[in-house]
Amino acid sequence: MSTPVFELVIRNALVATASDTFKADIGIIDGCIAQLGLGLAPGAREIDALGRVVTPGGVDAHCHLDQPMNEPIRMADGFESGTRSAACGGTTTVIPFAAQAKGQSLRAAVEDYHRRADGCAHVDYAFHLIVSDPTPHVLNAELPGLIREGYSSFKVYMTYDDLKLDDGQILDVLDIARQHGAMVMIHAENADCIEWLTKKLEAAGRVAPRFHANSRPMLVEREATHRAIALAELVDVPILIVHVSGREAVDQIRWARSHGLKVFAETCPQYLFLTAEDLGLDNSYMGARCVCSPPPRDKRNQEVIWNGLADGLFTLFSSDHAPFKYDAPEGKKPGGEEVAFRHIPNGIPGLETRMPLLYSEGVLGGRITLNRFVELTATNPAKAYGLHPRKGTIAVGSDADLVIWDERPVTIRNEQLHHDVDYTPYEGIKLQAWPGLTLARGEVVWDGQTFHPRKGRGQFLQCGQPSILPMSKKSSSAFT
Ligand code: DUC
Ligand code: ZN
Ligand code: ZN
């Protein structure tokens, strides 16, 4: 037997990237892809992928892990369980949020978040920032410094009392993003409309979880999406509208694109697989499990989201994993009580199910191509946040973050997932595929049956500038 050249060779893979599908062996050295081609020299270890699709490991560019909450609420997943769950679902890079509390320095928020992550993650991670208090010091000193240090994307909220910015503050943040080449993610819902509707519903005694959806109808999202687009147009800077839920926001984004504006859009599994009925048909509290914002809509809107995934409207497909236990005083029953919908923590788990849901129902269901799947789940998120080509593709020099897919029937059961949440909103959904193997920088983290832990394997990644063509509204092509 000849001396091994590679540490690991994946043989006979059907490699899928965002642009191509081809047969190749993948030779791995030092956690990176060293060679791609047929008939590669031997590896110290070999895995035969004959007849199986191999995609880049997923980049989940919108998830919340161990984000500080108001007492008694606490997120169920931190970096350990969150990245464990990610790995078992084929995701090898996560980008959660270092959130600034009002009055807090943004840098202090970043330092605190590093302490929460250090030595805990099983897969690589970067941070977005949440800017909730854009003081002159934050805007002019902290943000430019942090962008240079690899925190080049930040989320701003148009709703949530603790986080929301007014239009003038959003303009200030957009202006900094323009000057320093950062990406701004916008949570677009009109806070005043939500508050007005919530008070009306409360006055009528309509406080069960299902009324969460009534308090945030699509026009609330449509109006804020329209306003966010106008603010970005005024500053002349690209923006990303996150977690788009249905037709009305989609129409605004299509309008913006047709006028040459650089408006990118993200959607999430909950807008394909859940509807407002999952928040309950009666006054049962079980619907609290699916309370998230924007809320899931209806079947017709699911189709609109599928179409946007297929035709290029959406740039990113993320989980918005925001993990709260259902039956817990720190979760969906704050202090142990069944509370009115306004007090239910918003968010659902989804890190582990994001990739399999889209692969199975999107690719195998004939709704999107395999290459588009790769683009949405790995390549574009890596490009949008300056991690490409190290992440998000299968190419010589890229990290060996890979998923070998098993095409076999699987029924989603929470007991088989690896997060620390006591439910999944996707319980019982039948899929046709699941990751049969996940490699994180060349190490097997998931073999289709068993998770292979190594806390601290995951490294912090500095994000670069988005690889987007000139920051001008004149350019039409999204990514380089
Ligand atoms: N909505 C958000 O904006 N973030 C986390 C979860 C949610 O439902
Ligand atoms: Zn949000
Ligand atoms: Zn979110």
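Just so you know, ligand 1 is whichever comes first in the structure, and atom 1 is the first atom listed for that ligand. In this chain, residues are counted from 1 in sequence order.
- Counting heavy atoms under 4.0 Å from ligand 1, residue Ala322 touches it through the side chain alone.
- Proximity of Tyr426 to Glu352: side-chain heavy atoms (C-beta onward) are nowhere separated by under 4.5 Å.
- Using a 4.0 Å cutoff on heavy atoms, Lys155 counts as a contact of ligand 1.
- Centroid-to-centroid, the aromatic rings of Tyr151 and Phe460 come within less than 6.0 Å.
- Counting protein heavy atoms only, atom 8 (O) of ligand 1 is closest to Ser293 N, 2.8 Å.
- By the 4.0 Å N-to-carboxylate-O rule, Asp399 lies close enough to Arg390 to be salt-bridged with it.
- Residue-ligand proximity, His243 to ligand 1, at heavy-atom distances under 4.0 Å covers atoms 3 (O).
- The shortest N/O to N/O separation between His62 and ligand 1 does not fall below 3.5 Å.
- Rounding to 10 degrees, one finds that the Zn ion (ligand 3) sits at the corner of an angle of 110° between His62 NE2 and His64 NE2.
- Within ligand 1, the atoms closer than 4.0 Å to a non-hydrogen atom of Gly347 are 6 (C), 8 (O), numbered from 1 in the order shown.
- Taking 2.8 Å as the criterion, Val242 does not count as a coordinating residue of the Zn ion (ligand 2), since none of its N, O or S atoms falls below it.
- Under the 4.5 Å side-chain criterion, counting only non-hydrogen atoms from C-beta, Phe154 is in contact with Ile147.
- Between Lys299 and Glu303 no salt bridge is recorded (no basic side-chain N to carboxylate O distance below 4.0 Å).
- A donor-acceptor pair is defined here as one N or O able to donate and one able to accept, closer than 3.5 Å; such a pair exists between the side chain of Thr267 and the backbone of Val244.
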Note to self: Test side-chain hydrogen bond (donor to acceptor under 3.5 Å, both in side chains) on Asn380 and Thr315; report intermediate values, then the result.
What the structure shows: CA-CA 6 Å; Asn380 279 352; Thr315 307; 5.2 Å; no

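- Side-chain contact between Leu129 and Gln100 is absent, with no heavy-atom pair separated by less than 4.5 Å.
- Closest to atom 4 (N) of ligand 1 among all protein heavy atoms lies His64 NE2, 3.6 Å.
- At under 3.5 Å, not a single nitrogen or oxygen of Tyr157, backbone or side chain, sits near a nitrogen or oxygen of ligand 1.
- For ligand 1, the atoms closer than 4.0 angstrom to any heavy atom of Cys292 are 8 (O).
- Environment of CZ in Arg457: crowded, with over 12 heavy atoms of neighbouring residues, nucleotides or ligands closer than 6.0 Å.
- Of all atoms in ligand 1, listed by their number and element, those nearer than 4.0 Å to a heavy atom of Tyr160 are 1 (N), 2 (C), 3 (O), 7 (C).
- Nearest N/O/S atom of Asp320 with respect to the Zn ion (ligand 3) is recorded as OD1.
- Under a 4.0 Å N-O distance rule, the pair Arg297/Glu221 qualifies as a salt bridge.
- Distances from the Zn ion (ligand 2) to each N, O or S atom of His187 single out ND1 as the nearest.
- Here Asp320 has side-chain heavy atoms under 4.0 Å from ligand 1, and that is the only part of it that gets that close.
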